[in-house]
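Sequence lines set the chain letters: A, B, ... in the order given, protein chains first and strands last, and positions in each chain run from 1.
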Protein chains: 2
Amino acid sequence: MANRHLVIADDLRRLINGGQLGNDGRLPSERMLAKQYRASVPTVRNALEVLQAEGCLDMIHGHGTFVRRGLECLVYDNTRYSDARAAAKPSVYVEVNVRRLESSAAMPPGLPEALGLPLTEYFFITTQRNMVHALAWVYVPCAVAELDLPATPPTSPWGDDVREQLAAAGIQVESTVERVTARLPNPREAVYLRPTAPVLVVERTSRDAAGRVVEAALVVLPSGRTEALFTTLTPSDTTTEAS
Amino acid sequence: MANRHLVIADDLRRLINGGQLGNDGRLPSERMLAKQYRASVPTVRNALEVLQAEGCLDMIHGHGTFVRRGLECLVYDNTRYSDARAAAKPSVYVEVNVRRLESSAAMPPGLPEALGLPLTEYFFITTQRNMVHALAWVYVPCAVAELDLPATPPTSPWGDDVREQLAAAGIQVESTVERVTARLPNPREAVYLRPTAPVLVVERTSRDAAGRVVEAALVVLPSGRTEALFTTLTPSDTTTEAS
DNA sequence: CAGTGGTCTAGACCACGAA
DNA sequence: TCGTGGTCTAGACCACTGT
């Protein structure tokens with residue numbers, strides 16, 4: 001904790017929670033803070049980035065640094081069949097882009113199948129007041145289903161609508177594997193997200209009873225504004241016994 | 001991608017994969033690289049930290065920067081009942097510290113119960129060649145079970161042994177909720193981990209059939225060396241029907 | 001002790017948003 | 001155009017490792 005920028009971050013955190021900041025919740029500029037703390041601009045920026053990664057601040061290029069208010073936390077949930085899904089949806093805006101393409105090496109994420117097969121790609125981008133809260137690329141092989149663009153605006157930021165369309169087409173997802181990692185945004189994601197703040201990455205692969213991949217997705221969740229929730233029910237004792 | 005440090009990172013990545021680095025896989029010092037690239041030390045460091053977060057490099061204070069070899073990736077898995085768990089265990093070293101304490105505000109992570117109740121804390125620290133690969137704090141309320149320190153060295157970095165002890169004591173975990181986030185290490189974790197690289201955080205809460213919390217854990221997984229895997233089986237159609 | 005990674009400074013310049 | 005955040009520089013000093 002001897003680190004200068006962490007000391008400054010702690011002090012700013014007290015300033016923020018104290019609420020002595022003017023109605024717009026705007027912080028002094030980085031240069032001002034540097035003068036006040038007798039620190040350099042990069043040190044102040046490191047402090048701000050700590051708070052930004054914690055979800056306390058929004059740093060907006062060319063505009064200013066603001067206290068996050070009405071902290072709406074998007075929750076990725078593996079229990080999609082739950083009724084609670086549609087409840088308490090935060091006031092975010094979800095946009096989709098759909099296109100056809102062929103699977104290429106390393107480009108679609110969790111598709112372990114052969115290359116060159118035609119896919120439908122859904123690219124979801126979720127924003128709240130111009131801040132990106134989630135990115136998701138969802139892929140459905142055309143061999144599985146020829147889905148249309150959903151007529152209604154999407155209700156989920158990560159393609160639950162697509163899975164519902166699949167279900168409506170009679171395609172049952174039997175198992176879902178979600179590989180979760182933390183990293184920094186790659187160049188493709190950095191177009192939308194702060195390149196210095198970590199992201200949670202979910203690579204999802206859904207299979208039907210035959211073991212065929214019917215849907216795959218890459219979900220990118222910036223830290224501080226999102227979390228992921230996984231609920232596991234221990235299989236009842238009827239079938240599994242210590243071997 | 002115009003960023004200088006990303007260009008340097010790309011170049012270093014090619015250098016690393018090319019394998020022209022001497023047998024110990026050691027990179028030139030930061031000062032040397034700065035000279036070679038006509039860049040400043042912080043810029044070179046930013047480039048190295050990108051690769052470090054990707055798991056390509058190990059930066060060892062006072063010693064040097066080395067190419068990660070035998071990339072052993074620890075996998076956190078929610079299917080603890082699976083037989084595959086014990087298979088293919090990487091050559092890591094797991095250490096435990098056990099102590100008694102009382103639950104205090106905000107200190108134990110996923111325990112939503114009353115404060116002041118006595119707990120057993122298991123602190124797991126997993127290393128491979130002096131590099132920390134995982135941290136885990138596991139809590140069991142004494143009211144649930146009075147467990148002993150496992151006699152054998154622990155086989156799991158995140159307390160599967162504790163859960164097995166619980167099972168042996170007749171306490172069945174019925175549901176497990178795992179809350180997953182990405183962030184930077186906090187001061188307590190930064191003692192063990194690089195403070196600039198993101199970590200994956202799993203907050204686990206295990207309940208029995210009565211809904212009582214029988215075990216809670218905070219697992220910290222540094223990016224690049226670990227991942228988490230969650231497998232969800234869609235409940236069979238016998239019970240759930242579209243409502 | 002020398003050589004390494006880790007942090008910070010003071011200031012420059014660029015990129016973006018709003019008036 | 002101005003004020004903001006975003007990136008980089010050249011160099012200083014500290015902290016750690018191995019000899």
Looking at A:Arg204 and A:Glu215, is any side-chain nitrogen of the basic one under 4.0 Å from a carboxylate oxygen of the acidic one?
yes
Side-chain donor/acceptor of A:Arg225 to backbone N/O of A:Met131, under 3.5 Å:
no
note: B:Asp58, atom CG; D:dT17, atom P; distance rounded to Å ~ 15 Å
Side-chain donor/acceptor contact of A:Arg31 with base of D:dG5 under 3.5 Å
yes
Atom CG of B:Asn130: over 12 foreign heavy atoms under 6.0 Å:
no
The criterion is salt bridge (charged side-chain N to carboxylate O under 4.0 Å, His left out); which residues satisfy it with A:Arg13, sequence neighbours excluded?
A:Asp10, A:Glu54
Cation over ring face, B:Arg163 and B:Trp158, 6.0 Å, 45°:
no
Atom CG of B:Leu57 and atom P of C:dG5: how far apart are they, to the nearest Å?
11 Å
Which residue pairs pass the ring-ring contact (aromatic ring centres under 6.0 Å, His included) test when at least one of the two sits in residues 44-66 of chain A, sequence neighbours left out?
A:His63-A:Phe66
In whole Å, what is the span from the CZ atom of A:Arg194 to the C1' atom of C:dC16?
13 Å
Pick base, sugar-phosphate or nothing for B:Ile60, based on heavy-atom distances below 4.0 Å to the nucleic acid.
sugar-phosphate
Using whole Å, report how far CE of B:Met32 lies from P of C:dG3.
13 Å
According to a strict under-4.0 Å criterion, is B:Thr65 in side-chain N/O contact with OP1 or OP2 of C:dG5?
yes
Specify the residues of residues 34-45 of chain B, ordered by number, for which at least one heavy atom lies under 4.0 angstrom from an atom of DNA chain C.
B:Pro42, B:Arg45
With sequence neighbours excluded, tell me which residues meet side chain to side chain contact (heavy atoms under 4.5 Å, CB included) with B:Thr120.
B:Val98, B:Arg100, B:Tyr122, B:Cys142
Side chains of residues 27-39 of chain B: which donor-acceptor pairs under 3.5 Å do they make with residues two or more places apart or in other chains?
residue, atom, partner, partner atom, Å
B:Ser29, OG, B:Met32, N, 3.2
B:Glu30, OE2, B:Arg45, NH1, 2.7
B:Tyr37, OH, B:Asp11, OD2, 2.6

Under-3.5 Å N/O pairs linking protein and nucleotides 1-3 of chain D:
residue, atom, partner, partner atom, Å
D:dG3, N2, A:Gly62, O, 2.8

Nearest whole Å is fine: how far is D:dC14 P from B:Glu30 CD?
18 Å
Interatomic distance where CG belongs to A:Asn3 and P belongs to D:dA15 [whole Å]:
11 Å
To the nearest angstrom, how far is A:Arg4 atom CZ from D:dC14 atom C1'?
15 Å
Sidechain N-carboxylate O distance under 4.0 Å for A:Glu189, A:Arg183
yes
A:Met131 CE to C:dC16 P: how many Å, rounded?
16 Å
